[in-house]
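One structure is given below, encoded as structure tokens.
Order of the sequence lines sets the chain letters (A, B, ...), proteins ahead of strands, with each chain counted from 1. Computed from heavy atoms alone, side chains included, the values below leave out hydrogens, waters and symmetry copies.
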Protein chains: 2
Amino acid sequence: MTAPDTPPIPSRREARRQDRRDAILTVAQTYFLEHGFAGTTMSGIAAELGGSKGTLWSHFPSKEALFAAVVERAAKAYQAQLSQILNVDEALELTLQRACRSLIEKVTSPDGSALHRLIVAQGRRFPELSQIFFDLAPQNTRLLLADFLHGAMMRGQLRPADPVDAARALLSLSLSGCHQQMLIGRIDRPAPNEIAADATFAVDIFLRAYAP
Amino acid sequence: MTAPDTPPIPSRREARRQDRRDAILTVAQTYFLEHGFAGTTMSGIAAELGGSKGTLWSHFPSKEALFAAVVERAAKAYQAQLSQILNVDEALELTLQRACRSLIEKVTSPDGSALHRLIVAQGRRFPELSQIFFDLAPQNTRLLLADFLHGAMMRGQLRPADPVDAARALLSLSLSGCHQQMLIGRIDRPAPNEIAADATFAVDIFLRAYAP
DNA sequence: ATAAAATCGTACCATAGAGTACGCTATTTC
DNA sequence: GAAATAGCGTACTCTATGGTACGATTTTAT
């Protein structure tokens, strides 16, 4: 019997390799988010990385694979962002406004919107990535918010209704302003007061529709 | 003095040339909508067209120019579609539901969603096209709807409010279901009952928020 | 020290695809 | 009928780029 060799050997070499892999992903991410899939070149990444093309292919078997890895990673980071939206402490209206503002800010950030566009652009070619993105970003946010709204309904602050539907309504209202414009490419960055305006608009309509 | 030659001479030759140009645009449109900008090849278009590459370049100086022409044309056709949404004849709720259903149908049609994706994907590279699309599609629809809602407000069927905002709310609620999923690429075609459900959902919330 | 692994550097291959050149043919104009 | 025009077909150029090969170099493991 040979000693256990294949199992967890987080040796030093392994760590180094992971570092390199991470560096590749980081550089690739900025490229993909900035220039899209077609506009990104492997040679460009290698050059910016300061490394060799061989290394690239030793980590990822193809441009597609690299792209997939980048998107998954970015989507996870995005999710982490979006999960920090609800901090329950104030009156319902204020809490919701704060949450919406926070959401819009994150969703209209350069990386956020670039990721969104990337997914839309490549949705046909990489359906699995769409799935991952959807579960991690909109779906996750919706469920978090739904949970909170459910609580508010139980406390009688909102009329009883399907919380997931309610979340969907509030979210879509929130993203109907700046975010739409960004996605389409009409504006590059929203003005801060635009964000606040979108949030109050959304919450206002939402509260009217879901008043107890 | 030579005779007036440059002015309007819609001669036979001219007409023929227009026909050819139209044929090119038609073929190119199916390609671009189906495969995106990068995925479309000029050679492919020429082949499908049955014509020669030279002809392509004699009508459009570059792939970009052809793309722009295609998008403008498709956006206009799209607008024509979207303008036929409101037929005022029934009770407010039914009218709105019908309008929303009609809108969702058109927006989630293969060509509609493909165009939308194309705009999102190429928004950075062709800002002018984004502008055109925006004016022709979302903006136009919003204004049409706003006009109708304004009437309803005057008649006391809705509470007084900014009609454009109201239209924006109703539209964003309508597109929060199937349309989102299509854009992201999670589904290919929505089920008809999904469309109806989205419409009733949107109108329900809208009417609660804008009740007199 | 020595072997193995990872990386680097660089040159290279193959393919695709935008755009051009040019001669031939069909249609239109006058 | 002659001249101009539009289009056809085909072959070609040129560049970008994904991906490979390979020997030299550095780092890690034993």
Subject >> Sequence neighbours excluded - ring pair (Phe, Tyr, Trp, His ring centres under 6.0 Å) pairs with any residue from residues 93-129 of chain A >> reply: A/Phe37-A/Phe126, A/Phe67-A/Phe126, A/His116-A/Phe133, A/His116-A/His179
Please write out each protein N/O paired with an N/O of nucleotides 23-25 of chain D under 3.5 Å, distance rounded to 0.1 Å.
none

**OP:** Would you kindly compare B/Lys53 and B/Arg16 by the position of their nearest DNA chain C nucleotide and give the one closer to the 5′ end?
**Re:** B/Lys53
Original post:
Whole-Å distance between C/dA18 P and B/Phe60 CZ?
Top reply: 15 Å
Subject >> Separation of atom CD1 in A/Ile45 from atom C1' in C/dG9, rounded to whole Å >> reply: 18 Å
Subject >> Euclidean distance, atom CZ of residue B/Arg13 to atom P of C/dC30 [Å, nearest integer] >> reply: 8 Å
**OP:** Look at all strands and tell whether B/Gly50 reaches a base, only sugar-phosphate, or nothing, counting heavy atoms closer than 4.0 Å.
**Re:** sugar-phosphate
Original post:
Less than 3.5 Å between a donor and an acceptor, one on the side chain of A/Ser52 and one on the base of C/dG9, is that the case here?
Top reply: yes
Original post:
In this structure, which one of A/Pro110, A/Ser113, A/Ser109 forms a side-chain contact (heavy atoms from CB on, under 4.5 Å) with A/Met182?
Top reply: A/Ser113
Subject >> 5′-ward residue of the pair A/Arg20/B/Ser62 relative to DNA chain C >> reply: A/Arg20
Subject >> Euclidean distance, atom CE of residue A/Met42 to atom P of C/dA14 [Å, nearest integer] >> reply: 20 Å
Subject >> Residues A/Asp162 and A/Arg168 bridged, charged N to O under 4.0 Å >> reply: no
